[in-house]
Amino acid sequence: MVLVPTMGALHSGHERLLEAARTLAGPRGSVLVSIFVNPLQFGPNEDLDRYPRTLDDDLALCARAGVSLVFAPSAAEMYPGGKPEVTVDPGPAGQRYEGEFRPGFFGGVLTVVLKLLLLTRPAIAVFGQKDAQQLVLVRRMVTDLNLDVVIEPVPTVRDDDGLATSSRNRYLSAADRAAALALPRALQAGQARAAQGAAAVLAAAGDGLRAEPGLAVDYVAVVDPGTFGPAGPGPALLIAAAKAGSTRLIDNMALELPVEGDGDAAHD
Ligand code: AMP
């Protein structure tokens, strides 16, 4: 059985996860989707109450996608004793980037993912690369806690204008959306400088983000894709988070950094 954990308000990104899950499950296997807006991962000033909830549409989409079962528990069912006292510590990689701007976020995410894995016991669980730090931390949890599940990543789905699809995009006004497009554009500009090294990547992406007055940037960084620690030569991830209006967006793009010195040599 293949599990696809979601918070609902399903969109084309989730659909791609369901397709991947369907393929991974094979003709005789089943796909289980969980839909749960997890209160544990929302901060006191975040959008828990405002988070979109579209269960009827979600169920119809799941039916069309060949999903066998949808698990949509209430908060009281998931946390019958209220806020749990024992939770998962996401470790140092959980304090950086998203973890810095959303204190407690990854502890909440990993705790609910662990509970969902234990409740449903899938052979495989599918996660999107759009939430790259989450994917890294889920994999780390599976390794560190010896969980018996295979984690399968799915590439980021984007709208035609380049914006990564997200349940929160429905809250973007036309002006917010125009500003939001600077995020994938800036990441692409950074990605295009990969051969010149991490500093050039960061400068290009940072310039692109700062040039858009409608964006308030939380962070932009080049990280190791496996650990979210410092990036070395080879595969790296350019990550960024910013707010357009009151809607927070995150995105990332993969790149290949040259071995030390190659970047400088390009200018010589
Ligand atoms: P969410 O419902 O936002 O918690 O997301 C549930 C799963 O869908 C997570 O594994 C996300 O990484 C993944 N996901 C969300 N948006 C996208 C997207 N645009 N492309 C690929 N995966 C996505």
Side-chain angles (χ1 to χ4, degrees), residues 2-24 31-43 46-48 50-55 57-59 61-62 65 67 70-73 75 78 90 97-98 102 105-117 120 122 124-142 149-172 177 180-181 183-184 187 225 228 237 239-241 247-254:
V2 181
L3 171 67
V4 184
T6 81
M7 299 208 300
L10 302 181
H11 51 71
S12 57
H14 297 114
E15 264 179 295
R16 186 72 58 85
L17 265 61
L18 299 186
E19 269 171 41
R22 202 44 279 157
T23 305
L24 289 161
V31 174
L32 167 59
V33 173
S34 63
I35 297 180
F36 180 57
V37 183
N38 174 34
L40 210 58
Q41 71 192 61
F42 286 78
E46 293 186 356
D47 58 349
L48 174 61
R50 231 169 56 93
Y51 197 84
R53 288 164 172 86
T54 60
L55 187 59
D57 289 348
D58 293 351
L59 293 177
L61 188 150
C62 287
V67 170
V70 174
F71 177 51
M78 281 301 277
Y97 307 113
E98 282 305 284
R102 305 185 67 184
F105 173 66
F106 285 120
V109 168
L110 293 187
T111 300
V112 82
V113 168
L114 179 60
K115 282 168 72 79
L116 290 168
L117 291 172
T120 63
I124 301 172
V126 174
F127 289 85
Q129 284 172 347
K130 165 159 187 292
D131 298 282
Q133 195 175 2
Q134 168 175 287
L135 177 61
V136 162
L137 287 166
V138 167
R139 286 187 143 145
R140 185 78 202 211
M141 173 172 76
V142 166
V149 64
V150 172
I151 303 301
E152 284 288 344
V154 173
T156 301
V157 175
R158 299 176 182 282
D159 282 330
D160 289 344
D161 59 10
L163 190 66
T165 58
S166 163
S167 302
R168 290 184 171 101
N169 287 357
R170 69 190 68 204
Y171 293 130
L172 293 169
R177 182 156 184 123
L181 293 182
L183 180 56
L187 293 184
F228 266 64
L237 211 54
I239 60 169
T247 304
R248 194 160 179 283
L249 309 152
I250 65 171
D251 201 350
N252 67 83
M253 286 186 195

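Whatever order the structure lists ligands and atoms in, that order sets their numbers, starting from 1.
Counting the atoms of ligand 1 from 1 in the order shown, those under 4.0 Å from a heavy atom of F127 are 10 (O). Listed by number with element, the atoms of ligand 1 under 4.0 angstrom from any heavy atom of P5 are 6 (C), 7 (C). Proximity to H11 (heavy-atom distance under 4.0 Å) selects the following atoms of ligand 1: 15 (C), 16 (N), 17 (C). The contact set between ligand 1 and T156, taken as ligand atoms under 4.0 Å from a residue heavy atom, comprises 20 (N), 21 (C). Remark: ligand 1 atoms within the under-4.0 Å shell around heavy atoms of D131 are 11 (C), 12 (O).
Side-chain N or O atoms of D251 include none that pairs as donor or acceptor with a backbone N or O of A241 at under 3.5 Å. Under the 3.5 Å distance criterion, the side-chain polar atoms of S167 are matched with a main-chain donor or acceptor of G8. The main-chain N or O of D161 is never found under 3.5 Å from a side-chain atom of D159 such that the two would form a donor-acceptor pair. Between the Y51 side chain and the M7 main chain, no donor and acceptor come within less than 3.5 Å of each other.
At least one N or O atom of T165, backbone or side chain, sits closer than 3.5 Å to an N or O atom of ligand 1. Residue M7 places at least one N or O, backbone or side chain, under 3.5 Å from an N or O of ligand 1.
No hydrogens or angles considered: nothing links the side chains of H14 and T6 as a donor-acceptor pair under 3.5 Å.
Of the listed options L17, T6, V154, L17 places a heavy atom closest to atom 22 (N) of ligand 1. Among Q134, E15, H14, the residue whose heavy atom lies nearest to atom 1 (P) of ligand 1 is H14.
Expressed to the nearest 0.5 Å, how far CG of L32 lies from CD1 of I124 amounts to 13.0 Å. Of the inter-residue distances, the one linking F36 atom CZ with K115 atom NZ reads 8.5 Å to the nearest 0.5 angstrom.
Between G108 and N38, the shortest heavy-atom contact is O-ND2, 3.0 Å.
For atom 20 (N) of ligand 1, the nearest non-hydrogen atom of the protein is V157 N, 2.9 Å. Of all protein heavy atoms, the one lying nearest to atom 21 (C) of ligand 1 is P155 O, 3.5 Å. Nearest protein heavy-atom contact of atom 10 (O) of ligand 1 is G128 N, 2.9 Å.
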